[in-house]
Amino acid sequence: MNGSASTMPMDGFCDPRFARVREAFAENFASRGEPGAAVCVALSGRNVVELWGGYADTANARPWAQDTLVSVFSVGKALCAIAALRVVEQGLVALDAPVATLWPEFAQGGKSEVTLRQVLSHRGGLPAIAEPLPDGAALNWQTIIHALERQPPWWQPGETFGYHVNTFGFLVGEVVRRASGKTLGTLIREEVACPLGADIHIGLAAEHHGRVADYRWPAAAAEVAAPPAQADALAEMRWKAYWNPPGFSGAHWVNTAQWRLAELPSTNGHGNARSVARIYAALAKGGALDGVRILSEAVLRQAVTEPSRGHDLVTLHPARFGLGFQLTQPERPICRGAKTFGHFGAGCSLGFCDPDVDLAFGYVTNDMGPRWQNPRNRALMEAVYASL
């Protein structure tokens with residue numbers, strides 16, 4: 001397939017049964033402002049759609065390729081969850097034991113009873129760091145870890161929940177590091193990505209930087225937003241969740257070598273649609289694919305059981321979480337299946353699976369688009385289910 005109504009370069013393959021997905025993907029370029037992207041659909045563990053198109057650079061000179069990588073932002077939170085659940089499964093940490101049992105310094109500021117289950121379900125009360133941190137601090141693991149050790153919870157842990165936009169990966173990653181002796185990125189590479197043949201990374205080695213797509217961060221969000229005037233504690237928390245330190249969510253750092261090399265596990269994962277779908281194809285089958293088991297069925301069942309639902313104190317949207325995974329909900333459905341789970345990233349990228357039909361989906365893009373409801377991923381999801 002070469003070209004489309006939008007004149008964008010496109011390539012890949014699509015089972016005729018899923019022709020609607022190819023049409024929706026082309027229409028994303030023609031009328032929904034897509035600059036560069038890839039989509040992959042796996043059914044019963046085998047790819048039935050793998051398409052890529054558009055441009056990987058802002059000058060529109062480098063066509064998107066099959067092996068192009070891009071920052072997938074919070075799609076990587078699923079990798080964080082898998083890493084944490086693996087060390088739980090291995091008996092290195094317990095979901096309901098205090099995090100401070102493994103990480104004593106974490107007990108400061110009234111956090112001695114916060115559990116890993118609360119952290120994974122966004123109930124730990126640590127979505128933001130109150131003390132001002134300098135630009136670039138997010139690229140230094142210990143700087144953020146020490147700040148989180150000093151940070152008191154913004155609410156009584158366990159009583160409510162709020163999306164831990166950027167702190168999630170550091171909290172989970174430090175538990176993983178102390179339990180396993182590996183950084184989260186190393187564990188994912190050695191125990192999940194490489195065994196499955198998935199080209200997905202947290203902490204991207206320099207040898208891969210040449211195939212990373214430039215991310216078109218919105219100009220309006222490129223610089224630090226002004227803090228809210230006369231903010232109450234919760235308004236301060238919401239602002240700092242995204243903007244302390246500056247660039248915590250990516251902003252002016254996203255296309256730099258420093259950002260790609262660092263491990264910011266809930267924010268700077270790099271991958272492609274094929275690899276996102278590959279991970280979820282294993283989850284759709286109860287945690288194993290092609291002889292590689294990444295999670296036990298028992299642990300995975302816990303991961304997709306709902307501990308958090310309702311009004312999110314950080315995003316102010318309705319939300320529904322398992323242990324690190326977003327669960328489908330009427331206000332923001334992850335396709336049509338009642339048991340679908342996955343994770344959105346930066347408003348548009350998405351990975352999910354539907355165990356009821358053994359379906360996995362990966363979509364990545366180098367443009368954020370609308371953050372809460374995005375017509376590009378919605379069109380692709382609808383096309384997938386219309387093809388079943």
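Expressed to the nearest 0.5 Å, how far OG1 of T183 lies from CD1 of I188 amounts to 10.0 Å. With values rounded to the nearest 0.5 angstrom, L79 atom CG is found 8.0 Å from L184 atom CG. Taking NE2 of H270 as the reference point, atom CZ of R211 lies at 11.0 Å (rounded to 0.5 Å). Taken from CG in L323 to OG in S121, the straight-line distance is 6.0 Å, to the nearest 0.5 Å. In this structure, CG on D367 lies 12.0 Å from OG1 on T58, to the nearest 0.5 angstrom. Rounding to the nearest 0.5 angstrom, the gap separating the CG atom in L196 from the CZ atom in R293 is 11.5 Å.
Cation-pi geometry between R332 and F344 is met: under 6.0 angstrom from the ring centre, within 45 degrees of the axis.
Considering N377, V384, L51 in turn, N377 is the only one that fulfils the side chain to side chain contact (heavy atoms under 4.5 Å, CB included) rule with Y363. Each of N255, T68, V70 was evaluated against N366; a single residue qualifies, V70, per the side chain to side chain contact (heavy atoms under 4.5 Å, CB included) test.
Applying the side-chain hydrogen bond (donor to acceptor under 3.5 Å, both in side chains) rule to Y163 yields the partners S74, K77; only residues at least two apart in sequence or on another chain are considered. Checked against side-chain hydrogen bond (donor to acceptor under 3.5 Å, both in side chains), H201 has the following partners two or more places apart in sequence or in another chain: D199. With sequence neighbours left out, E331 forms a salt bridge (charged side-chain N to carboxylate O under 4.0 Å, His left out) with no residue at all. Here R20 pairs with nothing under the side-chain hydrogen bond (donor to acceptor under 3.5 Å, both in side chains) rule; sequence neighbours left out. With sequence neighbours excluded, no residue satisfies salt bridge (charged side-chain N to carboxylate O under 4.0 Å, His left out) with D214.
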_Between H122 and F168, is the side chain to side chain contact (heavy atoms under 4.5 Å, CB included) condition met? List the steps._
CA-CA 8 Å; H122 299 272; F168 181 88; 3.5 Å; yes

_One pair to check against side chain to side chain contact (heavy atoms under 4.5 Å, CB included): S249 and W217. What are the steps and the verdict?_
CA-CA 11 Å; S249 297; W217 193 273; 4.3 Å; yes

*Go through the steps for E191 and K182 under the test side chain to side chain contact (heavy atoms under 4.5 Å, CB included), then give the verdict.*
CA-CA 11 Å; E191 301 184 19; K182 301 177 181 180; 2.8 Å; yes

*Audit row: R238, L316, side chain to side chain contact (heavy atoms under 4.5 Å, CB included) steps and yes/no*: CA-CA 9 Å; R238 293 182 194 108; L316 301 181; 3.3 Å; yes

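When all heavy atoms are compared, the tightest approach of L187 to V176 is CD1-CG1, 3.8 Å. Between P333 and T328, the closest heavy-atom pair is CA-OG1, 3.5 Å. Closest of all the heavy-atom pairs between G342 and I334 is N-CD1, 4.0 Å. Shown here for L92 and S180, the closest heavy-atom pair between the two residues is CD1-CA, 4.2 Å. Considering all non-hydrogen atoms of both residues, A241 and V314 come closest at CB-CG1, 4.3 Å. The two residues P330 and R309 come nearest to each other via the heavy atoms CD-NH2, 4.0 Å.
A donor-acceptor pair under 3.5 Å links the side-chain atoms of E89 to the main chain of S296, judged by distance alone. Without hydrogens or angle criteria, D15 side chain to R17 main chain gives a donor-acceptor distance under 3.5 Å. At least one donor-acceptor pair closer than 3.5 Å links the side chain of D57 to the backbone N or O of R62. Looking at S31, its side chain does come within 3.5 Å of a backbone N or O of E27 through a donor-acceptor pair. A donor-acceptor pair under 3.5 Å is formed between the side chain of Q329 and the backbone N or O of P318. The backbone N or O of F352 sits nowhere less than 3.5 Å from a side-chain atom of T340 that would complete a donor-acceptor pair. In this structure, the side chain of E382 does not engage the main chain of A379 through any donor-acceptor pair within 3.5 Å. A donor-acceptor pair under 3.5 Å is formed between the side chain of Y215 and the backbone N or O of M368. N28 contributes no side-chain N or O that, together with a main-chain N or O of R32, makes up a donor-acceptor pair within less than 3.5 Å. At least one donor-acceptor pair closer than 3.5 Å links the side chain of T305 to the backbone N or O of R301.
Using cut-offs of 30° and 60° on the angle between ring planes, the pair F29 and F25 is perpendicular. Taking the six-membered ring where tryptophan is involved, the planes of H164 and W155 are perpendicular, since the angle between them exceeds 60° and thus also 30°. A tilted orientation is assigned to the rings of W259 and F73, their planes being inclined by 30° to 60°. Aromatic ring orientation, W141 versus F170: tilted (interplanar angle from 30° to 60°).
Residue pairs meeting the salt bridge (Lys or Arg N to Asp or Glu O under 4.0 Å) criterion with at least one partner in residues 268-283, sequence neighbours excluded, are E50-R274, R278-D290. The salt bridge (Lys or Arg N to Asp or Glu O under 4.0 Å) pairs that include a residue from residues 241-260 number zero, where partners must be two or more places apart or lie in different chains. Listed by first and then second residue, the side-chain hydrogen bond (donor to acceptor under 3.5 Å, both in side chains) pairs that reach into residues 313-323 are E306-R320, sequence neighbours excluded. Residue pairs meeting the salt bridge (Lys or Arg N to Asp or Glu O under 4.0 Å) criterion with at least one partner in residues 97-112, sequence neighbours excluded, are E105-R178. Applying the salt bridge (Lys or Arg N to Asp or Glu O under 4.0 Å) test to every pair with at least one member in residues 90-100, sequence neighbours left out, gives these pairs: D96-R117.
L204 and I202 fall into different hydrophobic clusters, defined by Ile, Leu, Val, Met, Phe, Trp and Tyr side-chain heavy atoms under 4.5 Å apart, directly or through other members.
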Let me check something: any side-chain donor-acceptor pairs from residues 354-362 under 3.5 Å, sequence neighbours excluded? List them with distances.
from, atom 1, to, atom 2, distance (Å)
D354, OD1, D356, N, 3.1
D354, OD2, Y385, OH, 2.6
D358, OD2, K285, NZ, 2.8

Give every donor-acceptor pair under 3.5 Å between a side-chain atom in residues 126-139 and any protein atom, sequence neighbours left out.
from, atom 1, to, atom 2, distance (Å)
E131, OE1, R150, NH2, 3.2
E131, OE2, R150, NE, 2.9
E131, OE2, R150, NH2, 3.2
D135, OD1, H252, NE2, 3.1
D135, OD1, W253, NE1, 2.9
D135, OD2, H252, NE2, 2.9

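Inspection of the N166 and S266 side chains reveals no N or O donor paired with an N or O acceptor under 3.5 Å. Using a 3.5 Å distance cut-off with no hydrogens or angles, the side chains of S308 and R123 do pair a donor with an acceptor.
Between K240 and E236 there is a salt bridge, since at least one side-chain N of the basic residue sits less than 4.0 Å from a carboxylate O of the acidic one.
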